[in-house]
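Here's the structure, in C-alpha cells; my notes come after.
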Amino acid sequence: VRNFAESLGMEVSKWGKTDILLQELVEDAHVRAAREVVEMAKEGREAGHELPLKEIYDTIVNLYNLQPTISMRSSNRVAMQQYSTPLPMAFVADMFIGAGNPGSIMEPTAGNGMLVFALDAGITHVNELDETRLSNLREQGYDKVTSQDATLPFEGTYDAVIMNPPFGNSAAKDYDGYSISGLDPQIALNALDSMGDNGRTAIIIGGNMEYAENGSIKGKKAFFSYLYDHYNVKGVIDMSGDLYQKQGTTYPTRMILIEGRRSEEERKQSTVYPPVQSKALPKVETFEQLFDAVNDLINSNEKTNGHTV
C-alpha cells in the first residue's frame, strides 16, 4: 500500500507515520468500489439483465478478500473503537434492510460508510464523530450527514435503522424496568427509538450469545430480554471472529435483525423471551453460511424466533 501510494505521488513515511491515513483511504476506496458493484448490478437490472443476488454477493466477498488487513491502530481509533464492518457482512445487513423497501434510513455510527454501501445514499442519514471519516462521508452523496453523540436522541423517525456501534463501558441505565449497561447496547437502543413502528433494524455488536447450564440466555441478558419484549426480533446470528480478520480483529460478533415494534397491546397480552440455547440459530463460520442465514430470515414468515408466554 505504501509503494502504491508513493507511485501516485503521495508523501509516505517509511516509519509508518502515514499508515493510519493510508488505511482510511484504502477503506474508503473499498466502500466506493463496492458501491460501484451494486450500482452496476442496478443498471443491469433496469436494462433487463438482472444478476442473481448471490452472484453480486460473491463479487463483494471477492473484493473483500483483496482488501489489505486494517491492522494499524491510532490512539483515536482505539478510543473510538473503530472496527469497520466487513463488506460481505454489510451487504447481507443491507439486504435485510432493503427487503423492507425503506423510504428513509439512519446509521448512527457510520464510519466510512462501509455498513450502508449497498443502500440508497439519497435516502440515508449517516452520523459520525471522526473528522477524517466525516470528510469521506460528505463526498458520498448521502441525504444527511451529522456529527452528534450517538447516545443522545436523534431527530425524526426512519423506516430503517442500521448500525455497528463501537463497544465500550457505560454505566447502567433504566430502560422500561431493564437495567442495561455498555456503550454498544445503549447506542443501539437510542437509535431504535428512531425506528418507525413497522420499520426494520439490523444491529451488529460484539460477542456471541452466552447461555447458562439450563440453556437460558446469560450474557447481556437484560439487553436481549428488552429487545425481544419490545420488538419483533427475527433472529440473532452468531458470527465467527474469523469473518472480521481483515478489519484487524478476530473478536466474534452477532447480527440482530428486527422487523417492527411490538405494540403496547401485544405486550400486555404476552411476553416474548430470547430463545433458549436449543432453539437459537446456528453460528455461522463462513460468509457463505452468513448469506444463507440472513436470506432464510428474510423469507421467514415468523414474526420472532423468541419464546412467547
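Cluster annotation: I60 and L119 are assigned to the same hydrophobic cluster (Ile/Leu/Val/Met/Phe/Trp/Tyr, side-chain heavy-atom contacts under 4.5 Å, transitive). Under the 4.5 Å side-chain heavy-atom criterion for ILVMFWY residues, no single connected hydrophobic cluster contains both I187 and I162. Taking hydrophobic clusters as Ile, Leu, Val, Met, Phe, Trp and Tyr residues chained together by side-chain heavy-atom distances below 4.5 Å, L257 shares a cluster with F287. Each of F167 and L183 belongs to its own hydrophobic cluster when Ile, Leu, Val, Met, Phe, Trp and Tyr are linked at side-chain heavy-atom distances under 4.5 angstrom. Linking Ile, Leu, Val, Met, Phe, Trp and Tyr whenever their side-chain heavy atoms come within less than 4.5 Å leaves F223 and I204 in two separate clusters.
Residue T250 comes nearest to Q245 through the heavy atom pair CG2-CG, 4.0 Å, listed as atom of the first residue, atom of the second, then distance. Heavy atoms only, all atoms of each residue included: M163 and A191 are closest at CE-CB, 3.6 Å. Here the closest heavy-atom approach between residue L115 and residue N164 is recorded as CD2-N, 3.5 Å. Pairing each heavy atom of N208 with each of M239, the nearest pair is ND2-O, 3.4 Å. For A222 against S179, the heavy-atom pair with the smallest separation is CB-O, 3.4 Å. Minimum heavy-atom separation, N127 to A150: ND2-CB, 4.4 Å.
A donor-acceptor pair under 3.5 Å is formed between the side chain of Q67 and the backbone N or O of K246. With hydrogens and angles ignored, the 3.5 Å screen pairs no side-chain donor or acceptor of R200 with any backbone N or O of E259. At least one donor-acceptor pair under 3.5 Å links the side chain of Q289 to the backbone N or O of E285. In terms of modelled atom types and a separation under 3.5 Å, the side chain of K173 and the main chain of I180 share no donor-acceptor contact.
Remark: K303 engages E266 in a side-chain hydrogen bond (donor to acceptor under 3.5 Å, both in side chains) (not counting sequence neighbours). Among residues two or more places apart in sequence or in another chain, the ring-ring contact (aromatic ring centres under 6.0 Å, His included) test is passed with Y228 by none. Scanning for ring-ring contact (aromatic ring centres under 6.0 Å, His included) contacts around Y57 gives F91, F291, with sequence neighbours left out. Considering only residues two or more places apart in sequence or on other chains, E43 meets the salt bridge (Lys or Arg N to Asp or Glu O under 4.0 Å) condition with none of them. With sequence neighbours excluded, the residues that form a salt bridge (Lys or Arg N to Asp or Glu O under 4.0 Å) with D58 are K54. R45 pairs by the salt bridge (Lys or Arg N to Asp or Glu O under 4.0 Å) definition with nothing, not counting sequence neighbours. Under the side-chain hydrogen bond (donor to acceptor under 3.5 Å, both in side chains) criterion, Q269 pairs with E265, sequence neighbours left out. Every residue meeting the side chain to side chain contact (heavy atoms under 4.5 Å, CB included) condition with L192, not counting sequence neighbours, appears here in chain and number order: L189, M195, T201, I203, L227, Y231, I258.
The closest side-chain heavy-atom distance from L281 to D296 is not below 4.5 Å. Under the 4.5 Å side-chain criterion, counting only non-hydrogen atoms from C-beta, Y244 is in contact with T85. Inter-residue side-chain proximity for H307 and V276 is flagged as unmet; no heavy-atom pair is nearer than 4.5 Å. Using a 4.5 Å heavy-atom threshold, the side chains of T59 and L63 count as separate. Taking 4.5 Å as the limit, some side-chain heavy atom of Q140 sits within range of a side-chain heavy atom of V31. Between I205 and P165, some side-chain heavy-atom pair lies under the 4.5 Å cut-off. Here the side chains of D143 and I123 are not in contact, with every heavy-atom distance at 4.5 Å or above. N232 is listed as a side-chain neighbour of R262, based on a closest heavy-atom distance under 4.5 Å.
Legend: ring pair (Phe, Tyr, Trp, His ring centres under 6.0 Å) pairs involving residues 174-220, not counting sequence neighbours, sorted by first then second residue: Y178-Y226. Counting only residues at least two apart or in different chains, side chain to side chain donor-acceptor pair (under 3.5 Å) contacts with residues 184-195 comprise S170-Q186.
Separation of atoms CZ (R133) and CG (N112) is listed at 5.0 Å; rounding is to 0.5 Å. Atoms CG and CZ, on N198 and R261 in that order, are 9.5 Å from each other to the nearest 0.5 Å. A distance of 10.0 Å separates CD in Q247 from OG1 in T249, rounded to the nearest 0.5 Å. Atom OH of residue Y251 and atom CG of residue D242 lie 14.5 Å apart, to the nearest 0.5 angstrom. With rounding to the nearest 0.5 angstrom, the CD1 atom of I56 is 5.5 Å from the CG atom of L51. T146 OG1 to E128 CD: the interatomic distance, rounded to the nearest 0.5 Å, is 9.5 Å.
More than 12 heavy atoms of other residues, nucleotides or ligands sit less than 6.0 Å from atom CG of N62. Other residues, nucleotides and ligands contribute only 12 or fewer heavy atoms inside 6.0 Å of the CD atom of E155. Heavy atoms of other residues, nucleotides or ligands lying less than 6.0 angstrom from CG of N299 number more than 12. Residue-environment remark: CD (Q148) exceeds the threshold of 12 foreign heavy atoms within 6.0 Å.
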Distance-only donor-acceptor pairs under 3.5 Å for side chains of residues 92-108, two or more places apart:
residue: D94; atom: OD2; partner: A118; partner atom: N; Å: 3.0
residue: S104; atom: OG; partner: D159; partner atom: N; Å: 3.1
residue: E107; atom: OE1; partner: T109; partner atom: N; Å: 2.7
residue: E107; atom: OE1; partner: A110; partner atom: N; Å: 3.4

Per-pair distances, 0.1 Å, donor-acceptor, side chain in residues 214-221, under 3.5 Å, sequence neighbours excluded:
residue: N214; atom: OD1; partner: S216; partner atom: N; Å: 3.0
residue: N214; atom: OD1; partner: S216; partner atom: OG; Å: 2.7

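In this structure, a donor-acceptor pair under 3.5 Å is absent between the side chains of T271 and D229.
Ring geometry for Y158 versus H125: interplanar angle of 30 to 60°, hence tilted.
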side-chain contact (heavy atoms from CB on, under 4.5 Å) between E139 and R32, intermediate numbers included: CA-CA 10 Å; E139 295 178 358; R32 294 169 187 265; 3.2 Å; yes
